[in-house]
Each structure stands twice: as structure tokens, then as C-alpha cells.
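Take a look at the structure set out below.
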Amino acid sequence: MLRVLDGERLFPPPIWLMRQAGRYLPEYKATRAEAGGFLDLCYSPKLATEVTLQPIRRFGFDAAILFSDILVVPHALGQTVWFAEGEGPRLEPVTLDGLGGLDLDGMLGRLEPVLETVERIRAALPAETALLGFCGAPWTIATYMIAGRGTPDQGPARRAALTDPEGFARLMDLLVDASVAYLVAQLKAGADAVQIFDTWAGSLDDEGFERWAIQPVARIVAGVRAVVPGARIIGFPKGAGARLPEYVRRTGITAVGLDWQVPAVFARDNVQTLVPVQGNLDPLRMVVGGEALDRGVDHVLEMLGHGPLIFNLGHGITPDASPEAVSRLVARVRAARL
Ligand code: CP3
């Protein structure tokens, strides 16, 4: 996987799946129950290491991703965050004139258990398995910090950014600094590369995408590389579509994750010419399995397998996906010939 991130084409391509540790796995559910709350799992080095390794043991993926959540950053900044069973994340919303309550200086100390998890995973992983760290992009984190929950159209954050752009820029500046510190700490603790998840990048218009998706991530990339030269950073601006080439050029990311709505022919001709790509099987094919899965896999390989590719889904695997479908996927990718 690191060779592909460095620009090489390998075929069959390396493979890992977003959310590969999760509720579709019975062993995850067992460890999750043992931990109690979801945040307790994220902050337990022993149990978070265990769930990170579960999909590696079962499927032999080429990369492990640190088990944590993007919302540990606002939590470690001092915002109240909790995970309501079956409802997703909940946060005590922040207001743009109340950012003084957030504490950047204390953040890394509170994230110490997560950094210990990175060290433990690296020590336990086979040498040939890459370890990925991650954070949420400032825009996506801000959508949760402002709304206090997931929203269908990220309306509360978009409204805040239009109503008070200076106040919103202060929140983004804080999240850029927090992300640089957190990613540098993960790389120093043993992560081989990091991914920046901008799940809600697609909800922004031209001005918003430039200011809140491109610029903050460009600053994170530069800030991390100022401390860790050559740091490998994967961007995942979900919903960026035709804006992907500009996003890649302007942010300086090493590789880019493609969601499943990006036409593969567009990605091949306009994105993979710039950087290695990662993706982009529709996660629903992991639920349906069978022929639908095989056709989807073959399409990704035929379209993107002629250049540097990391095989992945176009978004996280869902709780209703079947572990058998994942085994079938891995076997098909590993047996592929072009
Ligand atoms: O295996 C991995 O990929 C690593 C772990 C990981 C989680 N969340 C674990 C998790 C990663 C990389 C994330 C990122 C994340 N978290 C994102 C960006 C990527 C994406 O999927 O869009 C976002 C937007 C979040 C915020 C978040 N966390 C939401 C919206 C939810 C609820 C939805 C859901 O799937 O339940 C979570 C909870 C969460 N994060 C779970 C897991 C395994 C499920 C919680 C549980 O086990 O009860």
C-alpha cells in the first residue's frame, strides 16, 4: 500500500475498507459490548487495538486503520460529545462567539490513550500491513460541532458560515491547528499514512468548497509536512465530483479517496493522472453480494487498475454488510488479472 501511495502501480492492487472494524463483524459487537460506551472503546488502548486488528486477522487486509472516531477531536477540545445507542453522535452545540471554551493546549493530553493505541497496533501488526491514522476534515467536524448531530444537508453549519464568516473562520483555524497536532502525533506514534475524512464536502457551493474544504486541508497538509517531511496524506472529499482535480492540486494530498458516485472514467482521466486513487465500490454491493458484488469489483479494476490504485469502498461499510461478501471481495481482487 505504501508503494502505491508513493506512485507505483501494483496489480492486483492493495485493499482495505473504510469502517472495516465495525458492527457487521460479530467479534466487533462482542468487544463493543465489553467496552460499554462507544467513546470508552475509542479511549481504551487495549480494546481499540483489539477491534483494529479483528478485520486484519479475518480478511488479511493490506492496511489497518486506527479504531477511533473523528469526533474525539471536539471531545478532546472540551465539547460535550456522546453516542446515543442507535442514534449516532450527539454534541452540546458550540456557538461561534463561544469558542473560547475550547482548549487546544489540553487536547493532545486527552488524546493520549488514542496515541497509545497507535503504538500498540503498530507493535502488533505484521510488518507488511500498513497502519493508517486519520482525522475528520475541519468542515465535516464543524458540521457536527455546530448542529450537535448529523443533519441531512449540513444546514446549520452552512448557515453559520454564511451568516458569520469571520466567526466560522476562527472555528476552522482552531480545527486546522488541532488536526495538524493530532496527525503529527499519530505519525510519530507509528502511523505510516493518515487519511482526512471530509464526508460532507459535497454540501458546499463553489465559494464554500474553496474556503472551507480546500483551504483548511491545504493548510493541514503543509502544517503536517513542516514537521514530518514527506508525510503521506490521503484526502477523502466525499461528493467533490468534478472538483476533485482542483482539490488534489491545491491541497497537495498524496492520494485521494473516491466516493462511488464519481464516474470511474472521469477519475481515470482527470484524477489518477495526478495522484494515486482509492476506491470506489458502492458499499451497498457489500450488502447484496453475489453477482452484483462481482460486477462492481470488476468495473473498478478494469477502469482504475491500469494506474496506481488502492482498492476500497466509496464510503464506509455498513452494519448490514455480510462478512462473507467481504471475503468474496478480497478473494476476487487478489485473484484478478487484467
Ligand atoms: O474501521 C474504521 O474505519 C475506523 C474507525 C472509524 C469510525 N468512525 C468508527 C465508528 C472511522 C475512520 C470513523 C470516521 C467517522 N466518524 C466519519 C468519517 C467517515 C464516514 O464514515 O463518513 C464520520 C462522519 C464519523 C462520525 C460518526 N461516528 C457517525 C456519523 C457515527 C454514527 C453512524 C454509525 O455508523 O453508527 C459514528 C459512530 C461510529 N464510528 C461507529 C463506528 C464503528 C459505530 C458506533 C457503534 O459501534 O455503536
Side-chain angles (χ1 to χ4, degrees), residues 15-44 47-59 61 63-75 79 81-91 114 117-118 121 130-145 147-152 154 157 179 182-183 186 191 193-203 234-240 257-261 278-279 283 286 312-321 326:
I15 176 171
W16 70 280
L17 304 184
M18 287 188 274
R19 290 282 186 95
Q20 63 193 18
R23 285 165 295 180
Y24 74 105
L25 289 178
E27 59 268 36
Y28 170 83
K29 285 193 251 184
T31 311
R32 167 87 167 71
E34 192 186 326
F38 175 70
L39 280 176
D40 298 314
L41 177 55
C42 292
Y43 289 122
S44 160
L47 299 181
T49 299
E50 167 58 22
V51 292
T52 302
L53 296 174
Q54 286 169 350
I56 307 302
R57 288 190 205 114
R58 196 194 258 254
F59 305 112
F61 290 122
I65 180 161
L66 163 69
F67 188 85
S68 182
D69 196 84
I70 63 168
L71 299 178
V72 299
V73 165
H75 184 253
Q79 189 171 9
V81 179
W82 70 101
F83 285 79
E85 200 61 55
E87 287 180 47
R90 289 285 184 280
L91 306 85
V114 179
T117 304
V118 174
I121 301 166
L131 174 55
L132 286 174
F134 72 91
C135 70
W139 166 249
T140 287
I141 296 183
T143 66
Y144 291 97
M145 292 179 80
R149 59 194 299 158
T151 49
Q154 294 70 57
S179 304
Y182 185 39
L183 293 181
Q186 292 180 47
V194 291
Q195 177 153 325
I196 301 174
F197 287 92
D198 211 349
T199 305
W200 303 123
S203 66
I234 306 170
F236 180 56
K238 185 167 180 286
L258 308 171
D259 62 72
W260 77 91
Q261 298 180 345
Q278 174 175 279
M286 306 308 301
N312 206 309
L313 306 181
H315 196 196
I317 191 166
T318 52
D320 53 350
V326 176

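We count ligands from 1, going down the list as the structure has it; atoms in each ligand are counted the same way. Keep in mind that this is a model prediction, so the values were computed, not measured.
In this structure a side-chain-to-backbone donor-acceptor pair under 3.5 Å is present from Q186 to F134. A distance-only check finds a donor-acceptor pair linking the side chain of T143 to the backbone of T140 [under 3.5 Å]. In terms of modelled atom types and a separation under 3.5 Å, the side chain of E50 and the main chain of T31 share no donor-acceptor contact.
A salt bridge is absent between E27 and R57: the closest approach of a Lys/Arg side-chain nitrogen to an acidic carboxylate oxygen does not fall below 4.0 angstrom. Electrostatic pairing of E85 and R32 counts as a salt bridge here, judged by a charged N lying under 4.0 Å from a carboxylate O.
In this structure, the separation between CG on L66 and CG on L132 is 9.5 Å, given to the nearest 0.5 Å.
Summary of contacts: the protein heavy atom closest to atom 21 (O) of ligand 1 is H315 NE2, 3.2 Å. From the protein, the heavy atom lying nearest to atom 47 (O) of ligand 1 is Y28 OH, 2.5 Å. Here the protein heavy atom with the shortest distance to atom 33 (C) of ligand 1 is R23 NH2, 4.3 Å. The single protein non-hydrogen atom nearest to atom 11 (C) of ligand 1 is F134 CZ, 3.8 Å, given as residue, atom name and distance. Protein heavy atom in closest approach to atom 24 (C) of ligand 1: Y144 OH, 3.3 Å. Counting protein heavy atoms only, atom 18 (C) of ligand 1 is closest to T199 OG1, 3.2 Å. In this structure, atom 4 (C) of ligand 1 lies nearest to the protein heavy atom L66 O, 3.5 Å. Protein heavy atom at the shortest distance from atom 28 (N) of ligand 1 is D69 OD1, 2.7 Å.
V81 has its side chain out of reach of F38: every pair of non-hydrogen atoms, C-beta onward, lies at least 4.5 Å apart. You'll find the side chain of Q20 stays beyond 4.5 Å of the side chain of F59, heavy atoms only.
Ligand 1 places these atoms under 4.0 Å from at least one heavy atom of P89: 29 (C), 30 (C), 31 (C), 32 (C). Residue I65 has at least one heavy-atom neighbour below 4.0 Å for each of these atoms of ligand 1: 1 (O), 2 (C), 3 (O), 4 (C).
Of the options Y24, F38, F197, the smallest heavy-atom separation from atom 10 (C) of ligand 1 is shown by F38.
Ring pair H315/W260 is parallel by interplanar angle, where below 30° counts as parallel and above 60° as perpendicular.
Close to ligand 1: S68, with a non-hydrogen atom less than 4.0 angstrom away.
Considering both main-chain and side-chain atoms, A21 comes within under 3.5 Å of ligand 1 through a nitrogen or oxygen pair.
Contact annotation for R32 and ligand 1: only side-chain heavy atoms (C-beta onward) come within less than 4.0 Å of the ligand.
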